[in-house]
Amino acid sequence: MTTVLLTGFEPFAGDARNPSGEAVAEAALTWAGPETLVTATLPVEFDAAAAELRQLIAEFAPDVVIATGLAGGRPHVTPERVAINLRDARIPDNAGAQPIDEPSVAGGPAAYFSSLPVKAIAAAIEGAGIPAAVSHTAGTFVCNHVFYVAAHEAASRPGMRAGFVHVPWSTETAPEGAASLPAIDIAHALQLAVRTALDVTVDAGASAGALH
Ligand code: PCA
């Protein structure tokens, strides 16, 4: 049985809602399979989020892990290409922790590339009429940390692949004037990310590079 672990996050930074957790819940409601989809909403706490992710991976032994979070201000759904071994928090997490220039995993490699087909995922989402683009930085906060930990786990588990997708604000949750997409489109985009991650093992050949 093939299993996918799809996670979102709780609200943070004083916000009332987080569209990533909401989109993951919505995607789970309408997931038609045939693979098993396991979903969770992680706390926006460096240590607790990583611990919960590791526990979910140990419990369900997923073939694919896709963690998701909010990138407020981005207009696109953005599959992330690289996780870096760095926790540098500009704001405290929801537990009050504010690590500065600490590694995600002491002794781990400087970075991991996503083992998901990020270009094919962006293309599949775009193909459904939902704005998407490959991103080359997941930041240095809890999202990057969870992405790095997922990639680190995948590196020691043959057959397991892991990646991260940042989502914009949903129209339903966006602060005044912020870029957003309808919540239903974000949920659909995450389903397409899961489907593409399962179906595509060799990423698209076209460039998704950036000049800056
Ligand atoms: N976004 C934050 C953390 C939780 C979330 O949804 C981030 O990008 O690190």
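Both counts, for ligands and for their atoms, begin at 1 and track the order of listing. Residue indices begin at 1 and follow the sequence shown.
- Inspection of the Ser135 and Glu80 side chains reveals an N or O donor paired with an N or O acceptor under 3.5 Å.
- Remark: of the listed residues Arg81, Arg74, His76, Arg74 is the sole one forming a side chain to side chain donor-acceptor pair (under 3.5 Å) with Thr78.
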For a salt bridge (charged side-chain N to carboxylate O under 4.0 Å, His left out) check, start with the C-alpha distance between Glu10 and Arg17, then their side-chain angles and the critical distance, and finish with the verdict. CA-CA 7 Å; Glu10 291 174 353; Arg17 294 167 67 178; over 6 Å; no
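- Note on residues 82-114: pairs passing ring pair (Phe, Tyr, Trp, His ring centres under 6.0 Å), not counting sequence neighbours, are Tyr112-Tyr148, Tyr112-His152.
- Listed as neighbours of ligand 1 are Phe9, Phe12, Asn18, Val44, Gly69, Leu70, Phe141, Val142, Cys143, His166, each bearing a heavy atom under 4.0 Å from the ligand.
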What do the steps show when you test Thr30 against Gln191 for side-chain hydrogen bond (donor to acceptor under 3.5 Å, both in side chains), and what is the final call? CA-CA 9 Å; Thr30 54; Gln191 286 191 343; 2.7 Å; yes
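- Less than 6.0 angstrom separates the ring centroid of Phe164 from the ring centroid of His166.
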